[in-house]
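Residue numbering restarts at 1 for every chain, and letters A, B, ... go by the order of the sequence lines. What you see is a predicted model, and the numbers here were worked out from it, not measured in a lab.
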2 protein chains.
Amino acid sequence: MPSRVTLQDVAVRADTSRTTAHYVLTGRDREMRIAEETRRRVLRAANELRYRPDLMARGLRTRVTRTIALITDTIATEAYAGGLVHGALAAAAGHGHLLFVCETEEDPALEERLVGELADRHVDAYLYASMFTRDVSLPAGLRTQRVALLNCRTSQRKCPWVVPDERRGGRDAARILLETGHREGIWLVGEPNEQVVAGLERTAGIQETLRAAGTALAGTVHCTWWPESAYEEFGAFLDGGGRASAVICLNDRVAMGVYQALTARGLSVPGDVSVVSFDDSDLAVWLQPPLTSVALPHREMAARAVRLLLGRQTPTELEVRVPMPVRLRESVRPAASA
Amino acid sequence: MPSRVTLQDVAVRADTSRTTAHYVLTGRDREMRIAEETRRRVLRAANELRYRPDLMARGLRTRVTRTIALITDTIATEAYAGGLVHGALAAAAGHGHLLFVCETEEDPALEERLVGELADRHVDAYLYASMFTRDVSLPAGLRTQRVALLNCRTSQRKCPWVVPDERRGGRDAARILLETGHREGIWLVGEPNEQVVAGLERTAGIQETLRAAGTALAGTVHCTWWPESAYEEFGAFLDGGGRASAVICLNDRVAMGVYQALTARGLSVPGDVSVVSFDDSDLAVWLQPPLTSVALPHREMAARAVRLLLGRQTPTELEVRVPMPVRLRESVRPAASA
DNA sequence: TTGAAAGCGCTACCAC
DNA sequence: GTGGTAGCGCTTTCAA
């Protein structure tokens, strides 16, 4: 039997009325000029009875439940997702809110059902997240709700969105190599022509910085963003006589494939080739040697989005670009010669 | 403005009372012998007004909210966690329930606060999960609640728990090698003496099956369950003249380290050494060649736990051991000779 | 068969 | 300063 003690019980035990007990328990005793003596009695009674307000009853009156929902397309397929959920969880808890988590599985019908269920339970606000950065269309039920977009954008509605600063991340990746003396023979591995915003932005940032330094990419090895594809394509590149001084991989999984292709041919990182990557997933520290990677700041992004949702003032800026921290590890070493 | 339409509105439009409307909308029209004509009017009115019952108001009366909570120690550090969350999400949705997700961060104070918050919102039932199999102590607030344990056990209370069938998984891992002709030179890599139940059970299963076949492990290479440690310890083993025909790794991360140690020395999988592992994480398919692994059935476990919680009949069996599916890939090949 | 009315626990208005 | 009282939207008993 949880929450059996009611406000009424507290009032009775404090020998006062529900109203008075209510005011002191909601911290409005000063405002209502409740006698100090009364105040103490109420507080003591509440304590002794271990009173806890029934949030459902309160919500029925106030229409606020102190709950938010994280609606995401898919959580399990991407190991990265953990950061987003974790960040949202921690931030919500910090604001005294609880978090519903939902997965739409990219199914509009399921999505609509879930949004309905959430609304029926009077969720206060929504985090609408995508596992990879892209433009989304908000489900109809969310159009009139308080929403912050996480790792995605929309053109349908004026609502704040939080994304990684991929462009700057790209610049940083290139800068790491320039600072260690790499100028020629820098290859990009991945598929930058993809629909995926991240790829385009990262590539743009890389090229921008390289150009500013008076140099450019030696070329691109095309492959999907998965180890197997990178292993094969980069292996083919090497077998075809391709030679790289440094490689920028569009994510850690691609870097894993590159490592595999290299070691299978007796080449070493960073001895023969320096490697820089993006995401800073678990893989980055598991690879041998550990991989220098520009991190996807998932936790921080989620925290920012929650703050936008629950913070006091409505944000002036609609777009928040969260910096991608650079994690320097042993996969980069100074270029052989000047 | 969501949920603005009330039962009252529907009753008015259907030209009947709230009670009648209520009965037909909750499907108790037959039981209450509501006139077919009335029934139709109510249904039509509800449809036209897009009536949706306010679950908070309903909950205030019935004390059921159709929500469950997943309380977990930590979600972000283990990429595996995704499966558990995903499974719980899908199963809960299947039962028309929404899922609160909480992370206690192994902090008893935070855990207690969260349990309190959940109770204040009248969560119907709880999934108490651990990211690695172990014995847990339930927070006080959960002692009187409907709880199912996920990937953990407790001695404090009689409540159902769901764990992987690690013992059988161990037997299967050994069987895979026996069936491909491996009898001698089978090494275990990992730390089976750990506090972790999984390690002990897996090892026990392996030894059982090997013994039944009249053979035994050639030995154990001790290391923690992380790539780096496995890379170093297994590397040292090889450098010390150690030779293995096949290796059973206590998880995929260990297998990754073993792969790295092998390829760094020009040895190949499965050409020189066959490798079998546990967990079937993302890594297993990313490694080159893809790794044969005995899967941790996280989704299925979560689904089972939800069913125990929400299913009609109270489970007769308190303990559910979920089989670990074997994923055969290219890391095993027949032993060189008989 | 249908309808009036009470009440879940809380908030908030308005008298005293 | 304090205490009735009226709902929030729903369920459910009881009478008609």
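- Partners of A:R13 by side-chain contact (heavy atoms from CB on, under 4.5 Å), not counting sequence neighbours, listed by chain and number: A:A45, A:E48, A:L49.
- Each of A:L309, A:L150, A:V320 was evaluated against A:R304; a single residue qualifies, A:V320, per the side chain to side chain contact (heavy atoms under 4.5 Å, CB included) test.
- Atom CD of B:E37 and atom C1' of C:dT1 are 14 Å apart (whole Å).
- Regarding contacts with the backbone of D:dG3, a side-chain N or O of A:T20 is found under 4.0 angstrom from either OP1 or OP2.
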Evaluate the criterion side-chain contact (heavy atoms from CB on, under 4.5 Å) for residue pair B:Y128 and B:L138; output intermediate values, then yes/no. CA-CA 8 Å; B:Y128 192 86; B:L138 279 183; 3.8 Å; yes
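- Residue A:I34 has its side chain nearest to D:dT2 when only D:dT2, C:dG3, C:dC10 are considered.
- Here the P atom of nucleotide C:dG3 and the CD atom of B:Q8 are 12 Å apart, to the nearest Å.
- Looking at residues 40-49 of chain A, you'll see that no heavy atom sits under 4.0 Å from any atom of DNA chain C.
- Residues passing the side chain to side chain donor-acceptor pair (under 3.5 Å) test with B:S17, sequence neighbours excluded: B:T20.
- Atom pair B:M56:CE and D:dC10:C1' shows a separation of 11 Å (rounding to whole Å applied).
- Atoms CG (B:L25) and P (C:dT2) sit 14 Å apart, rounded to a whole Å.
- A:L25 is listed as a side-chain neighbour of A:L7, based on a closest heavy-atom distance under 4.5 Å.
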Using the 3.5 Å cut-off, write out each protein N or O paired with an N or O of nucleotides 11-15 of chain C and the distance between them.
residue: C:dT11; atom: OP1; partner: A:R58; partner atom: NE; Å: 2.4
residue: C:dT11; atom: OP1; partner: A:R58; partner atom: NH2; Å: 3.1
residue: C:dT11; atom: OP2; partner: A:H22; partner atom: ND1; Å: 2.6
residue: C:dT11; atom: O2; partner: A:R61; partner atom: NH1; Å: 3.4
residue: C:dT11; atom: O4; partner: A:R18; partner atom: NH2; Å: 3.4
residue: C:dA12; atom: OP2; partner: A:R28; partner atom: NH2; Å: 3.1
residue: C:dA12; atom: N6; partner: A:T19; partner atom: OG1; Å: 3.3

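- As a whole-Å value, the separation of A:R52 CZ from C:dC10 C1' is 16 Å.
- B:T154 pairs in a side chain to side chain contact (heavy atoms under 4.5 Å, CB included) with only one of the listed residues (B:L149, B:D135, B:L142), which is B:L149.
- When B:L99, B:L70, B:L89 are each tested for a side chain to side chain contact (heavy atoms under 4.5 Å, CB included) with A:V101, only one passes: B:L89.
- For B:D73, the side chain to side chain donor-acceptor pair (under 3.5 Å) partners two or more places apart in sequence, or in a different chain, are B:S130, B:R134.
- The C1' atoms of five pairs define one axis at each end of the helix from C:dT1-D:dA16 to C:dC16-D:dG1, and these two axes lie 50° apart (to 10°).
- In this structure, B:T133 contributes its side chain and B:A198 its backbone to no donor-acceptor pair below 3.5 Å.
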How far apart are the C-alpha atoms of A:R40 and A:E37, what are their side-chain angles, what is the distance that settles it, and do they pass the salt bridge (charged side-chain N to carboxylate O under 4.0 Å, His left out) test? CA-CA 5 Å; A:R40 239 198 292 279; A:E37 157 64 12; 5.0 Å; no
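- Between B:E36 atom CD and C:dT2 atom P there is a gap of 11 Å when expressed in whole angstrom units.
- Computed from coordinates, the A:D29 CG to D:dT2 P distance equals 11 Å when rounded to whole Å.
- For A:R121 and D:dC10, the CZ to C1' distance is 15 Å, given to the nearest whole Å.
- Toward the 5′ end of DNA chain C lies the nearest nucleotide of B:T16, the other residue of the pair B:L60 and B:T16 mapping further downstream.
- Place B:A35 and B:A57 on DNA chain C by their nearest nucleotides, and B:A35 ends up nearer the 5' end.
- Crowding of A:E105 atom CD: a count of heavy atoms from other residues, nucleotides or ligands under 6.0 Å exceeding 12.
- No salt bridge links B:D120 with A:R66; every basic N to acidic carboxylate O contact stays at or beyond 4.0 Å.
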